[in-house]
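First the proteins, then the strands, lettered A, B, ... as listed; each starts at 1.
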Amino acid sequence: MNHSESVDCTVKPPVFLQIGDAKGDSARSGVCVVDDLATDINIEKITFKNYYTAYVTIRLLRRKAEKEGSAKWCTALRDLALMDNPHTEGGSQNYFSIHRRQMQVEPDHVESLRLILRQPSSAWRLFNLEEIRLFPHKEPAPEKEVSDWLSNLIVVKQPPDLEGLPDPQTVSSSIQQMWALTEVMQANRTTASIGRFDVDGCYDINLLSLT
Amino acid sequence: MEDGTDLSPSIAQIVQRLRGSHLHSQLERQAKDCLHRPEIKLESLKEDVRAFLKASGWEKRLQNAVYRELHVQLPQCHPTTPAEHLKEPLAYMRKAQASWEKRVLKSLNSMSTELGVPLARMRPVGEQKDLTNKWNEMGTDEPDLSRFRPVYAPKDFLEVLISLRNPNHDSSEDMTVKSHWGLIQVPLNIRDIPQLRQAYSELNLNNGQLGIDDHACVALHTCMCLHASVVVEQDSAAAQQYSRRGCPTGLRSDLWALTLNSTNQPQDVMHYEQLKAGVIQHDLLVDYLIYKDVKLTASNDDYYFVFEDFLYQVMLCFSRDTAVLEHFKYNSATPPKSYIHGKVGNEEFAVLYPPNGVIPFHGFSMYVAPLCFLYNEPSKLYSVFRMMYIRYFFRLHSISSSPSGIVALCLQFERLLQAHLPQLFYHLRQIGAQPLRIAFKWMVRAFSGYLSTDQLLLLWDRILGYDSLEVVAGERTAVLADLSTLKVMPLIQIFLFATAI
């Protein structure tokens, strides 16, 4: 995947939410909010690498196309589970990709993205999302039109009577076989390895590389 | 996460892997040859050829090959996932594996330097001739192996697993939800008894098992007919399914070969001969480790000493097999590297050592030994062993978060024992014997050498049938008693299905 296709955006530092007086409370928070600022983007997909986040909710600040200035927050995805079990490792460091089709609303004209991360388990010191990338939506290219010359083809006439010549059916089927064989040979890129472990017959080794 | 349409990358991956394989060229040849047949019409060429391939059994062979590919295929994940993440998703486990490997390599390097034995060298012609002549009786040789020692033993590996820590894991609270008194301190997701019961429902006490319930003649006869028809049909998926209830002794070798899709066609025999040539030509330090291991373990075992020569023939060839390198795509381990002609850093002169990338440890030959009861032809024995290794055994000696990996199996064993045999667990700890230290070496060898062979083979039937080593953890838990007289499967059944919760 081409990373250069992703859009540059500013990811603000995560904010951990607390109930009550944050200074007095020594318990770790289980909810974190990450804001990602973009400028009027139609999102194709969002990719990120997980770091011990159990669930993620995605909220979008979308601007209505026609009206300037009136942007509204909406939920694109609620509580997507990233880990099989918040207390255990499964999915904790996996890469994820969320496509626009998976979202509950159309992610168009998005000015800001808010990721609400939840990790209810006390087993982990930190949780976050890393390498967050946004990929813009591209309109599919219009289908090429059939060239005009194809429609100007002349209809093939019936073949004349051929005496003494080989049967055209036999000839055409054997040519077809040969063609099929050449097609296959051209397309045949083998992934099978040859099996040699030496370099030009030499396999004298004194030390293993430790790097 | 995945779109419903995302089967296409899997399909593309399988097609790419099968393209250019021997099966592919055989299918093409069959398709080409059948064009002369009268029932193949030009107008419906594609359908007719496909019907022919189906009727002549070739479609089944293709199905089996696809079935095998599915077993070794990497799980589908995000396209930007780096290769190292596919091998092992957790960074701290990758690091632990890398540092363990470094230790092993250092040990091998210093052994080579101290003993003055090169890691690899070309054999002189005379020596090559000698070895060719005594290929079938290498066991009669008594080389001086006293200077060689195994690179590591299972107990060394256990210490590494015990010291595994997730830096992000908060173990400051003494009694967290999952705290326990075991040695493994990694929070992997493990199935508990109710989940195991569901997963292994065929082992339910109500279901007859071959090797246990053979007195029920009707059931046995039905089982045997089913198994035999599976062999006739040559269906890999069915063979695997039937292995869950145990294989009849007479059909086991065929059923295992089918499940693993391990064939013994001319190209397999040729491949084995090529490996043998590699053994004759080059002498490896690893060979002496293999000799030593066989002498120390299998040769001393009442069941396996007769197979000593076979073991050398398989293990030495295994070390030369570059086809094994494929499995490093999904194994957290990395094959050791070296450079020839002293051209360190120059990738043109980079080689892997040994050629298959696997350094044998003390007890490694016991993975092969039980298979000698099933296959007496070296190339066939080799082919099945290699498939077993790249599907299952590699997980028993590499650090990974895989649910079938050794770390998860150890954790599962400790949890099951604590939860269901707490008095035993507590007693062992009281006398200073951590249960895992006792059971670990059984685990690493998948019980080979610790159970009688007939019981071991029944256990390995289930490994193949369920395509997982998990059943071994349950077995260990059920087995803290005199191993030699054990009946394996009844114990697992009782443990899983009769334990009151």
Check whether [X] gets within reach of chain A through its side chain, its backbone, both or neither, counting any heavy atom under 4.5 Å.
X        : value
B:Asn166 : side chain
B:Glu348 : backbone
B:Ser401 : neither
B:Pro403 : neither
B:Leu284 : side chain
B:Ala31  : neither
B:Leu35  : side chain
B:Leu352 : backbone

Measure the spacing between [atom1] of [X] and [atom2] of [Y] and express it to the nearest 0.5 Å.
X        : Y        : atom1 : atom2 : result
B:Thr322 : A:Phe197 : OG1   : CZ    : 8.5 Å
B:Arg121 : A:Ile205 : CZ    : CD1   : 13.5 Å
A:Asp204 : B:Leu119 : CG    : CG    : 11.0 Å

- Query: Mind checking whether A:Ser92 and B:Leu90 have side chains closer than 4.5 Å, heavy atoms only?
  - Reply: yes
- Message: If you define the side chain from C-beta out and look only at heavy atoms, does anything of A:Tyr95 sit under 4.5 Å from B:Pro82?
- Response: yes
Who among [options] has the most heavy-atom pairs with chain A under 4.5 Å?
options                                : result
B:Ile340, B:Leu325, B:Asp283           : B:Ile340
B:Lys106, B:His282, B:His341, B:Glu101 : B:His282
B:Gly345, B:Ala98, B:Ala91, B:Pro336   : B:Ala91
B:Asn356, B:Val344, B:Leu188, B:Leu275 : B:Leu188

- Message: Surrounding CZ of B:Arg165 (heavy atoms of other residues, nucleotides or ligands, distance under 6.0 Å), is the total greater than 12?
- Response: yes
- Query: Counting only heavy atoms not in B:Glu347, do more than 12 fall under 6.0 Å of its CD?
  - Reply: yes
- Message: Under a plain distance cut-off of 3.5 Å, with no hydrogens placed, do B:Tyr92 and A:Gln93 share a side-chain donor-acceptor pair?
- Response: no
- Message: Between A:Asn206 and B:Tyr339, do the side chains contain a donor N or O and an acceptor N or O under 3.5 Å apart?
- Response: no
- Query: Hey, which of A:Leu207, A:Asp200, A:Val199, A:Leu208 has the most heavy atom pairs under 4.5 Å with chain B?
  - Reply: A:Leu208
- Can you say whether the rings of A:Tyr203 and B:Tyr353 are parallel (under 30°), tilted (30 to 60°) or perpendicular (over 60°)? parallel
- Item | Side-chain donor or acceptor of A:Arg125 paired with backbone N/O of B:His169 under 3.5 Å | yes
- Does A:Thr88 offer a backbone N or O that forms a donor-acceptor pair with the side chain of B:Asn189 under 3.5 Å? no
- Message: Test side chain to side chain contact (heavy atoms under 4.5 Å, CB included) on A:Asn94 and B:His85; report intermediate values, then the result.
- Response: CA-CA 8 Å; A:Asn94 281 2; B:His85 192 272; 3.4 Å; yes
